[in-house]
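Lettering follows sequence order; numbering is per chain, from 1. Note that the structure is a prediction, hence the values are computed from the model and not measured. Keep in mind that the numbers below use all heavy atoms, side chains included, and drop hydrogens, waters and symmetry copies.
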Number of protein chains: 2
Amino acid sequence: MARLGDCIAMMDEGIGRVSQVIPDMPAAEARLTRLLLMVGHTFDEAVEQALKPSKINHSDFLTLMILYSRPDGSSTPGELCEYTSQGATNMTRIANALVKRGLITRGASEEDRRRVVIRITPAGRRFVQKLLPPLFPRVSAAFVGFSDTDKRSFSRLLRKLADNLDRLDEVPSPKDAP
Amino acid sequence: MARLGDCIAMMDEGIGRVSQVIPDMPAAEARLTRLLLMVGHTFDEAVEQALKPSKINHSDFLTLMILYSRPDGSSTPGELCEYTSQGATNMTRIANALVKRGLITRGASEEDRRRVVIRITPAGRRFVQKLLPPLFPRVSAAFVGFSDTDKRSFSRLLRKLADNLDRLDEVPSPKDAP
DNA sequence: CTACTTTACTTCACTGGTGAAATATGAGCT
DNA sequence: AGCTCATATTTCACCAGTGAAGTAAAGTAG
């Protein structure tokens with residue numbers, strides 16, 4: 001219920017105080033990290049909120065959107081796991097839910113019978129097409145006051161961050177040697 | 001398991017295809033939103049991962065950090081809820097967990113006996129001081145390649161976004177009139 | 001001082017997400 | 001073929017977070 005601005009203000013002060021006690025803390029980076037996490041979390045909430053009227057949650061929606069955006073409208077649980085950053089366990093639940101609502105179908109693959117093929121149905125497509133437009137005003141509103149340059153900068157910095165995070169996992173594992 | 005860069009690439013393509021079917025979609029803003037959510041989520045995971053060796057989760061840690069950063073080392077569940085964006089329900093669980101580990105104490109307020117006063121213990125302070133330093137290299141690593149200007153831009157843009165999100169909630173409620 | 005409202009927190013029941021083990025198919029080796 | 005190892009998905013048991021209702025103490029009005 002507290003406004004995000006207030007949370008940020010208190011975080012700024014908090015980090016300021018902590019970095020006096022622990023001077024070798026990378027305070028600027030810690031601030032940016034907390035900022036990103038807070039804003040990201042609030043965005044998440046906003047999305048969840050916006051989807052609530054349609055009785056669908058964020059991960060179900062994301063899964064459906066990936067299928068919708070595919071030229072052939074189909075995928076497999078494994079692939080969907082990769083792109084939604086969900087575990088296989090949860091993808092089973094998501095698929096169950098979407099099948100129950102008739103938005104996707106689930107069938108056995110013919111080349112590889114371990115696989116399951118998931119496909120968006122016409123009803124699923126209609127659902128997405130009805131769902132999206134009401135979301136647009138809020139998406140735009142989140143970025144009011146962003147110049148084109150701002151948008152480009154933001155995109156660039158987030159992508160650079162993504163790149164760094166990918167490397168972060170690659171490097172520090174002297175545990176893969178058998 | 002998939003690298004974030006790959007997820008981003010497929011998101012870019014997906015939005016490209018969708019925006020051809022639904023041309024009035026604010027594609028640039030949608031991309032930024034998805035980017036932010038993906039990077040935010042990955043950051044979250046990274047933090048959770050980094051805290052795992054200390055057997056503490058993100059929200060418990062955040063709660064403890066707020067107490068640590070306070071001049072008097074104390075707060076109340078209600079206040080902690082505000083600043084951690086947690087529900088009161090969950091704060092009860094968090095406090096239970098931290099009390100059980102001896103990192104905080106929980107006692108009744110004397111002015112207002114509805115209130116509960118939560119205070120970090122010396123053991124809690126020691127725990128934080130041991131926990132933080134190993135985190136620093138990763139925090140710094142996430143922002144390698146960021147110039148000072150980049151950091152300032154990123155901070156500015158995130159704060160602007162936070163501001164927009166705060167307004168987003170204020171405006172669109174013609175439901176508060178009784 | 002009693003009765004009503006509000007505030008602060010807790011309890012309970014449920015949803016969402018995860019790790020470990022189970023199941024089943026495929027692929028490679030001999 | 002028969003054996004072993006890897007891959008794809010599901011099931012099960014558990015942790016984390018939420019909404020609604022419960023409890024207890026203030027605040028407020030008649």
Engineer: When the nearest nucleotide of DNA chain C is assigned to S85(A) and to E110(A) on a heavy-atom basis, which residue is associated with the more 5' position?
Structural biologist: S85(A)
Engineer: dA24(D), OP1 or OP2 - any side-chain N/O from R113(B) closer than 4.0 Å?
Structural biologist: no
Engineer: Mapping E45(A) and E79(A) to their closest nucleotides on DNA chain D, which lands nearer the 5' end?
Structural biologist: E79(A)
Engineer: Would you mind telling me which residue lines up with the more 5' stretch of DNA chain D, T92(A) or H41(A), judged by nearest nucleotide?
Structural biologist: T92(A)
Engineer: Is a donor-acceptor contact shorter than 3.5 angstrom present between the side chain of S59(A) and the base of dG16(C)?
Structural biologist: no
Engineer: CD1 of I56(B) versus P of dC15(D): gap in Å, rounded?
Structural biologist: 16 Å
Engineer: Separation of D44(B) atom CG from dC15(D) atom P, in whole Å?
Structural biologist: 20 Å
Engineer: Are any of the side-chain heavy atoms of L161(A) and F146(B) separated by less than 4.5 Å?
Structural biologist: yes
Engineer: For Q86(A) and dT18(C), is the shortest distance between a side-chain N/O and OP1 or OP2 below 4.0 Å?
Structural biologist: yes
Engineer: For F61(A) and dG17(C), what is the distance between atoms CZ and P respectively, to the nearest whole Å?
Structural biologist: 15 Å
Engineer: Decide yes or no, distance alone: a donor-acceptor N/O pair under 3.5 angstrom between the base of dT10(D) and the side-chain of T89(A).
Structural biologist: no
Engineer: R93(A) CZ to dG19(C) C1': how many Å, rounded?
Structural biologist: 16 Å
Engineer: For the residue pair G145(A) and D150(A), what are the closest heavy atoms and their distance?
Structural biologist: O-OD2, 3.7 Å
Engineer: For K100(B) and dC15(D), what is the distance between atoms NZ and C1' respectively, to the nearest whole Å?
Structural biologist: 12 Å
Engineer: dT9(D) P sits how many Å from I118(A) CD1, rounded?
Structural biologist: 8 Å
Engineer: Below 4.0 angstrom, N of the basic side chain to O of the carboxylate: do R17(B) and E13(B) qualify?
Structural biologist: yes
Engineer: Less than 4.5 Å apart, side chain to side chain, heavy atoms only: is that true for S54(A) and F127(A)?
Structural biologist: yes
Engineer: Identify whether any heavy atom of N90(B) sits under 4.0 Å from a base atom; if not, whether one sits that close to sugar-phosphate; answer base, sugar-phosphate or nothing.
Structural biologist: base
Engineer: With hydrogens left out and only the distance checked, is there a donor-acceptor pair under 3.5 Å joining R114(A)'s side chain and the base of dT9(D)?
Structural biologist: no
Engineer: Specify the separation, in whole Å, of atom CG of L62(B) and atom C1' of dA16(D).
Structural biologist: 15 Å
Engineer: Taking only N and O in the side chain of N57(B), is any of them less than 4.0 Å away from OP1 or OP2 of dC15(D)?
Structural biologist: no
Engineer: Rounded to whole Å, please give me the gap between CG in L51(B) and P in dA16(D).
Structural biologist: 12 Å
Engineer: So, does R115(A) get its side chain near the phosphate of dT7(D), meaning an N or O under 4.0 Å from OP1 or OP2?
Structural biologist: no
Engineer: Test your reading of the model: is there a side-chain donor-acceptor pair from D166(A) to the backbone of G5(B), 3.5 Å cut-off?
Structural biologist: yes
